[in-house]
Amino acid sequence: MAKHLTVRKRHRQSLVRNQRNRAVKSLVRTAVKQFDAAADAEKKTTSLRKAESTVDRAAAKRVIHKNKAARMKSRMTKRLKKATTA
């Protein structure tokens, strides 16, 4: 273990942040999976809104990159459009 107090504190902070970031990423993955699992168009639309919100929050917290968030939202919107037309 490191001897400097600041290094110890940094390590503790990184552990806490790692747990928090993993939790947020898990929420994002769950929201996207719920969107994909939604059966009809109405449920898919509401779950898209929820998933987009979750993705935006993760991007705002810088857990995921803003471009990744935009890409995820774009792909979900494409899937919704495809599901409603087909």
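Residues: numbered from 1 along the sequence shown.
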Which residues pass the side chain to side chain donor-acceptor pair (under 3.5 Å) test with T46, not counting sequence neighbours?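 By the side chain to side chain donor-acceptor pair (under 3.5 Å) rule, T46 matches no residue at all.
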Short question: side chain of S47, backbone of K43 - any donor-acceptor pair under 3.5 Å? yes
Could you tell me whether a side-chain N or O of S74 sits under 3.5 Å from a main-chain N or O of R71, the two making a donor and an acceptor? no
Mind checking the [atom1]-[atom2] spacing from [X] to [Y]? Nearest 0.5 Å is all I need.
X	Y	atom1	atom2	answer
K9	T6	NZ	OG1	9.5 Å
R75	R79	CZ	CZ	8.5 Å
K25	R29	NZ	CZ	7.5 Å
D56	K66	CG	NZ	12.5 Å
M72	T54	CE	OG1	9.5 Å

Which residues pass the side chain to side chain contact (heavy atoms under 4.5 Å, CB included) test with R22, not counting sequence neighbours? N18
State yes or no: do V28 and L80 share one hydrophobic cluster built from I, L, V, M, F, W and Y residues joined by side-chain heavy-atom distances below 4.5 Å, directly or via other members? yes
For F35, does the six-membered ring have the charged nitrogen or CZ of K44 within the cation-pi criterion, i.e. under 6.0 angstrom from the centroid and within 45° of the normal?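 Yes.
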Just by distance, with hydrogens left out, do R57 and S53 show a side-chain donor and acceptor under 3.5 Å apart? yes
Neighbour count >12 (heavy atoms, 6.0 Å) for atom CD, E42: no
Non-hydrogen atoms of T84 and A41 that approach each other most closely: CG2-CB, 3.7 Å
Taking all non-hydrogen atoms of both residues into account, name the closest pair between A58 and V24 and its distance. CB-CG1, 3.6 Å
Any side-chain heavy atom of E52 within less than 4.5 Å of one from T77?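 Result yes, sub-4.5 Å side-chain heavy-atom pair found.
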